[in-house]
**Student:** 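Below: one structure in structure tokens.
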Number of protein chains: 2
Amino acid sequence: MTPNKEDYLKELYKLGGLDHLVSNKQMSQVLEVAPASVSEMLNKLSQEGLLVIEPYKGSQLTPDGLRIAISLLRGHRLWEVFLIRHLGYTWSEAHEDAELLEHISPSRLTDRLDRFLNYPEYCPHGSVIPKSDGQTNEDTLMLLADLKTGDTSKIKKVLEEKKFLDYLQNQGIEIGTQFTVTSVGDYEGPFTLALEEKTIQISYKAACQIFVSEPK
Amino acid sequence: MTPNKEDYLKELYKLGGLDHLVSNKQMSQVLEVAPASVSEMLNKLSQEGLLVIEPYKGSQLTPDGLRIAISLLRGHRLWEVFLIRHLGYTWSEAHEDAELLEHISPSRLTDRLDRFLNYPEYCPHGSVIPKSDGQTNEDTLMLLADLKTGDTSKIKKVLEEKKFLDYLQNQGIEIGTQFTVTSVGDYEGPFTLALEEKTIQISYKAACQIFVSEPK
DNA sequence: CTCCTAATTTAGGTCAACCTAACTTTTATT
DNA sequence: AATAAAAGTTAGGTTGACCTAAATTAGGAG
Ligand SMILES: [Mn+2]
Ligand SMILES: [Mn+2]
Ligand SMILES: [Mn+2]
Ligand SMILES: [Mn+2]
């Protein structure tokens with residue numbers, strides 16, 4: 001197993017889990033490699049029994065592949081907690097460096113880091129950190145974009161993409177922040193949110209990348 | 001710069017610094033690759049201006065190569081401090097995992113780790129940790145093997161090699177431990193050391209891999 | 001000074017991970 | 001159903017890092 005292969009498995013999991021097939025196109029985009037390279041690598045991984053390919057349709061992890069993907073995600077998220085909690089990283093910096101650190105995980109390292117951090121449940125961006133045995137129970141959340149004017153809710157999770165993370169942190173959005181939707185622009189228009197201290201506007205696109213709890 | 005190349009530079013520094021040429025044989029041994037691979041890689045690195053080769057004689061870092069080597073060593077040793085101080089690693093485990101972590105060092109990570117650890121001066125095995133600007137002032141130490149019966153001194157530094165580190169830790173030797181040499185076996189025989197609590201014997205070979213302060 | 005041995009270099013491969021270009025299959029549109 | 005566009009695969013090539021085997025050089029022993 002190399003860092004490269006690990007990233008293929010991890011992205012395959014993030015894109016499709018065990019629910020549905022993931023297209024090579026998507027993989028090629030998130031991994032930033034040519035489609036041909038994806039075909040090639042997925043073939044190797046399927047020979048190693050880590051995923052199953054439906055030619056021309058897409059691919060999906062096997063239980064073995066899933067195990068590896070989850071342990072990667074576990075490492076990634078624990079490192080993020082460390083970088084932010086102890087080293088003063090920003091959201092996007094943490095995500096970047098965790099992308100490398102996740103591959104250094106003889107599981108002794110991950111498990112000890114987990115203990116050092118006192119077994120955190122979520123990464124700084126709100127994703128669940130799988131347990132050492134691979135167990136991971138996802139919360140059921142809804143998209144901010146699906147809220148209506150007047151709804152009050154809490155930010156629970158955000159997608160991890162450098163520019164988006166910087167944008168959110170500049171806006172002062174944090175996991176756990178409570179807010180009320182004060183207006184929703186028509187035709188994929190912007191959302192206006194009343195936070196505790198201030199009011200902010202975010203684009204419809206951003207609202208599609210933010211997960212929130214059920215509104216009250 | 002790849003992790004591989006980094007390790008070549010680092011080992012070249014550890015073996016020869018800026019004082020003398022290092023033979024390919026030595027490099028081939030510490031890096032555990034074939035001599036031919038060393039020739040090849042050193043050629044590439046010399047084309048990148050990171051070292052200078054005297055054909056058939058050996059090679060030596062340039063200032064550029066030195067800078068990289070030192071920052072690697074810095075990362076390596078800081079990670080060791082973290083792993084031992086906060087994650088409960090043993091001497092040899094720490095050295096092993098630091099070997100990987102050292103390559104993840106966008107210097108923002110190293111520098112923040114340094115601050116988090118409160119700017120430690122030495123790694124757990126007693127080597128000096130270079131500063132962020134590359135400055136590094138080595139202490140002048142002597143070999144335990146050169147001590148005479150009756151000498152009293154302190155353990156200051158040990159060479160980092162897995163089996164050796166485990167051996168030392170089992171013997172209860174730590175950096176800073178004070179001891180008195182109570183006997184020296186003839187003909188490369190063992191050294192007997194009186195520590196605070198107990199008396200131990202170590203082989204001549206081990207005594208050549210342990211550095212101590214001037215005896216009083 | 002010659003010869004031998006050990007160290008080094010060179011030559012010719014392998015393997016992982018990528019690429020581009022050409023071809024095939026699927027799917028969406030008329 | 002025919003065709004065009006999009007997605008996927010195959011073929012052929014590159015680069016980095018390694019290897020073994022063969023040739024070359026340096027340095028020491030006689
Ligand atoms: Mn990664
Ligand atoms: Mn995260
Ligand atoms: Mn290393
Ligand atoms: Mn050390």
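Just so we're clear, the structure is a prediction, and the values are computed from it rather than from any experiment. Throughout, a chain's letter reflects where its sequence line sits, starting with A, and its residues are numbered from 1.
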**Student:** Generate the contact string for nucleotides 7-19 of chain C. Rules: B means base contact, S means sugar-phosphate contact only, - means no protein heavy atom under 4.0 Å.
**Tutor:** SBBB-----SBBB
**Student:** Quick one: does any side-chain atom of R77(B) pair with a main-chain N or O of S127(B) as donor and acceptor, under 3.5 Å?
**Tutor:**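 Judged by distance alone, no pair lies under 3.5 Å.
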**Student:** If the condition is side-chain hydrogen bond (donor to acceptor under 3.5 Å, both in side chains), which residues does E6(B) pass it with, not counting sequence neighbours?
**Tutor:**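 E6(B) satisfies side-chain hydrogen bond (donor to acceptor under 3.5 Å, both in side chains) with H103(B) once adjacent residues are dropped.
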**Student:** Under 3.5 Å, is there a donor-acceptor pair linking the side chains of H20(B) and Q60(B)?
**Tutor:**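 The answer is no; no qualifying pair exists.
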**Student:** Are K156(B) and F211(B) in a cation-pi setup, meaning NZ or CZ lies under 6.0 angstrom from the ring centre and within 45 degrees of the ring axis?
**Tutor:**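 The answer is no; the distance or angle limit is not met.
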**Student:** Under a 3.5 Å threshold, yes or no: a donor from one side chain and an acceptor from the other, between D139(A) and Y122(A)?
**Tutor:**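 There is such a pair between these side chains.
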**Student:** Between which nucleotides of DNA chain D, 5' to 3', does chain A make heavy-atom contacts below 4.0 Å?
**Tutor:**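 Taking any atom under 4.0 Å from a heavy atom of chain A, the span is dA7(D) to dT10(D).
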**Student:** Any salt bridge between D151(A) and K148(A), counting N to O under 4.0 Å?
**Tutor:** no
**Student:** Could you label the plane-to-plane angle of the W79(B) and W79(A) rings as parallel, tilted or perpendicular, counting under 30° as parallel and over 60° as perpendicular?
**Tutor:**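 Because their plane-to-plane angle is over 60°, the rings of W79(B) and W79(A) count as perpendicular.
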